[in-house]
Amino acid sequence: MSSFILLLGIYFGIYALLALGQNLITGKTGLLSLCQAAFMAIGAYTTAILLSRHPHLSFVYVGVWVILSGAIFGLLIGIPTLRLKGDYLAIASLGFGEIVKNVLLNADTLTGGPMGISLPIKSFDKGLFLGMVWLVVCLVLLGLIQLQRSHWGRGLEAIREDELAAQSVGLNTPLYKGAAFMIGAAISAMAGMLWALYHGSAIPQTFDSTLSIMVLCMVVLGGLGNYYGSLFGTMVIVVISELPRLLGFSAIIPAAVNQILFGIILVSLVILRQKKS
Amino acid sequence: MTLLSTHRLHKDFGGIVAVNDLDLNIEKGFITGIIGPNGAGKTTSFNCMTGLDVPTSGQVIFNDIDITGLPTYRINRLGIARTFQNLRLFKEMTVFENVRVAKHRTSSAGNLQKDSGLWLEKLGLWTYRDERAKDLPYGLQKRLEIARAMATNPKLLFLDEPAAGLNQTETQEIMELIRSFRDSGLTVVVIEHDMHLIMNLCQHITVLNFGQKIAEGSPESVRNDPQVIEAYLGKEDHAAR
Amino acid sequence: MLQHLLNGLTVGSIYALVALGYTLVYGILKFINFAHGDVLMIGTYVALMVFKGLKSFIEIPFAFGIAVLAGMLSSALLGVVIERLAYRPLRHAPRLAPLISAIGVSVILSNSAALIFGTKSQRFDMPFNNTPIHCGSLVVTPYQGLILITAFVMMALLHVFIKTTRTGKAMRASSENPLVAELMGVDTDRMIRFTFIWGSALGAIAGILVSLDYKVYPTLGSLIGLKAFIAAVVGGIGNISGAMLGGLLLGVLETYGVAVLGIPVGYKDTVAFVLLIIILLVRPSGLLGSNKRDKV
Ligand SMILES: Nc1ncnc2c1ncn2[C@@H]1O[C@H](COP(=O)(O)OP(=O)(O)OP(=O)(O)O)[C@@H](O)[C@H]1O
Ligand SMILES: [Mg+2]
């Protein structure tokens, strides 16, 4: 039972990172991107590729590479969309997610194809790992709150409110948006690294677009733009989606029911919030 | 002395010619008015000069620098600020934040808070500093937009219909404000349909119709120009506004 | 070469039919109906069920015809209901809201289908003899013929409808400027309903056509939907001829990419996304789109 609570805590932490990254991109900057799963995959595979070839690399070193590669891929999806109207971004980023998955499945020599990559590491003590995950979450949260209070953070919000007006008061909006994407992606890549370390493997099926939608759901549930809200939303969704599985009666409740619930949450929340305002 | 000039500025939108070979000269230290019937191309010419629209052809020269087609934020940093015909505030942000975002480039980090506050005070918005921009009454929203533009410390300010939708008192206040800017050395270009405002405020007026300049000069000469009367002032509904 | 072109046009006309659904809605509401792919998937399932139920009682072609109508009808109905429940309350909301709502609807539909119909894919038996016909060096299956003919007839009908009828003109007026159109007496709500009905019905036809050769499964709509959306953007979203052009172009490029350029089949789907990114960089308004921006 206690190991089950620990596991829930670990999942909560990893998903929280994804949600925080999404909130920076979507909640704060107003860019609807749907590829958190792909960014997470980048982190997981960077970890897996590095560690499977050089098992004795230190985690800090791997972490630096994970953050870098996440940021680079974030920029990659960010650049073509910097000039775009918001709606296209949603689709373009979904497409980006599909491309990443395609590459993971097909570039066998690098990614191990559909079987993925196993890591040559011992499994972690759950309690220790939980501490590690939440240390990362806290650092990220602190950083994001700091960012929010800085001029950069206000600039991002201004872009969300009105991009043209933001430009007209001298904000270099492409730079801001690119940075938001890089940071958001790097955070998700860290989540991917933790995921790969914990499971001792990276397999392509994990990083599906349904995961990206679940993350969006967490952020919408907690209120777009609110980091603490994102944490709350994550908690609710993790409990809803992982509890049955961890308690072992997932066979009774098909996965589709969860997904439907997420869908209902998304639709009803945006409508309810609109009615209130 | 000329602060900004355009040379054969041209903009079309797939067939519609919005600005047609426009030559403008904005004199430093004056208030210039741009008038013309609806759809004459006033806003579009503002957009071309501030980088929101990229001109189809022609040039915009500001302070001897060719700024044609530069991104909006670069143009702002060179010293041109503007307001919008349809308010474009950062609606969910507070009054204070609206100004602070704009003030950032012109204040050192230590003074940002204080400077933004002083600036709000100067424009009579200090009491509303913590309200969300969208909750302000319309007149104050227009004032906030001017405050935000001015917070970027421009040399040249473009105002697109600053008095539209305002009542008499509010219009009078805006006029005072614009005059005070001029007196402190700022160059202002203002688009307005309100003839009272234009005639009382501007030293120089340019009249556009169908994207072209049909007349320019002092308020007196423009008022009596037969072409202007025909194109614009002759129509009662416009003059009345 | 010609054979690849034919194959490409066949795939492309499916994309085009689906792309019309995105473009029609975007034209008026200026928003991407994310759930379009799933709406057509449901229609396809309904058609499959009706077909299975009827085929042992009445003649196959007849059963198939009824099934197609049932599929179109149910998609159309679903489209209208979704618009009413999930999009209309958000018509004046900030930009992100309807998009998020649409994503939610999409998730609900595809997973409901998985619950109701099961995740295992089902077959749609060809309702006709599909022996290929050889004309010279060209090989055409009756199935390809059916797709091409249906798609082109549908597109031609839509084109004529929009260009000549009163409703068609009103629809164009609404997408040009909804406010002005309303002032001129156009009932915007009705126009919106209209676009959802026809967009969804055309989508259902496309869904049934693809699944004849392939299979029916709950996520059937997502990949077609994604590609058709890309086709709509490539052609210039909001532009009806653009959607058709974009669909055909995408189909041909994909086929050539695999057959001529030797792109591995596993990467076939990337062709569309690469095309999307190139278009968005070079000509963000799409091939036939006007480069109009919202007035400021
Ligand atoms: N983004 C755009 N796309 C297409 N046409 C445009 C665009 N912006 C302006 N136009 C057209 O260009 C012409 C000039 O418009 P503009 O807004 O510059 O006029 P204006 O003089 O500011 O009028 P008003 O007094 O009504 O504000 C109009 O015919 C308008 O419809
Ligand atoms: Mg105007």
Side-chain angles (χ1 to χ4, degrees), chain A residues 23-32 78-86 145-180 219-220 222-227 229 270 273-277, chain B residues 46-47 49-54 70-94 96-109 112-113 116 132-135 141 144-154 157-160:
Chain A
N23 190 44
L24 174 68
I25 298 173
T26 306
K28 286 289 174 193
T29 322
L31 303 165
L32 183 47
I79 285 176
T81 53
L82 290 179
R83 290 167 40 189
L84 296 180
K85 287 233 299 277
I145 298 281
Q146 208 54 40
L147 179 75
Q148 169 175 314
R149 296 205 181 120
S150 73
H151 172 70
W152 275 85
R154 277 190 296 276
L156 294 179
E157 279 181 64
I159 289 172
R160 177 191 68 199
E161 292 302 309
D162 191 326
E163 191 169 344
L164 281 180
Q167 286 200 7
S168 80
V169 294
L171 292 179
N172 181 349
T173 55
L175 186 69
Y176 278 73
K177 292 201 282 182
V219 175
V220 171
L224 282 170
N226 182 336
Y227 289 118
V270 282
R273 294 224 168 101
Q274 171 65 15
K275 287 222 171 101
K276 258 199 292 181
S277 72
Chain B
F46 263 25
N47 289 350
M49 291 185 267
T50 52
L52 263 78
D53 279 329
V54 179
L70 285 186
T72 302
Y73 69 90
R74 294 268 308 274
I75 293 180
N76 175 263
R77 291 174 186 190
L78 288 170
I80 302 182
R82 68 169 292 167
T83 64
F84 297 89
Q85 182 170 355
N86 303 306
L87 283 173
R88 300 191 77 121
L89 290 169
F90 305 130
K91 291 198 196 89
E92 298 286 338
M93 295 165 73
T94 65
F96 192 77
E97 283 171 338
N98 266 272
V99 166
R100 186 159 58 168
V101 163
K103 195 104 195 113
H104 167 73
R105 293 198 60 75
T106 51
S107 271
S108 64
L112 180 57
Q113 193 86 359
S116 308
R132 277 191 305 185
K134 69 168 186 187
D135 298 332
Q141 290 196 15
L144 175 58
E145 212 186 28
I146 297 178
R148 185 181 70 182
M150 285 299 290
T152 64
N153 254 3
L157 177 67
F158 285 125
L159 299 171
D160 197 346

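So you know, we letter chains A, B, ... as the sequences are listed, proteins then strands, and number each from 1.
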Once you leave out hydrogens and angles, what donor-acceptor pairs under 3.5 Å do chain A and chain B share?
| residue | atom | partner | partner atom | Å |
| --- | --- | --- | --- | --- |
| A/His151 | ND1 | B/His104 | ND1 | 3.4 |
| A/Glu161 | OE1 | B/Lys91 | N | 3.4 |
| A/Glu161 | OE1 | B/Glu92 | N | 3.0 |
| A/Asp162 | OD1 | B/Arg88 | NE | 3.2 |
| A/Asp162 | OD1 | B/Arg88 | NH2 | 3.2 |
| A/Asp162 | OD2 | B/Arg88 | NE | 2.8 |
| A/Gln167 | OE1 | B/Thr72 | OG1 | 3.4 |
| A/Ser168 | O | B/Asn76 | ND2 | 2.9 |
| A/Gly170 | N | B/Asn76 | OD1 | 3.2 |
| A/Gly170 | O | B/Arg77 | NE | 3.0 |
| A/Gly170 | O | B/Arg77 | NH2 | 2.9 |
| A/Asn172 | OD1 | B/Tyr73 | OH | 3.3 |
| A/Asn172 | ND2 | B/Tyr73 | OH | 3.4 |

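- Contact of B/Leu112 with chain A is made through the side chain alone, with heavy-atom distances under 4.5 Å.
- Ranked by heavy-atom pairs under 4.5 Å with chain B, the first of A/Ala165, A/Gly225, A/Gly170, A/Gly155 is A/Gly170.
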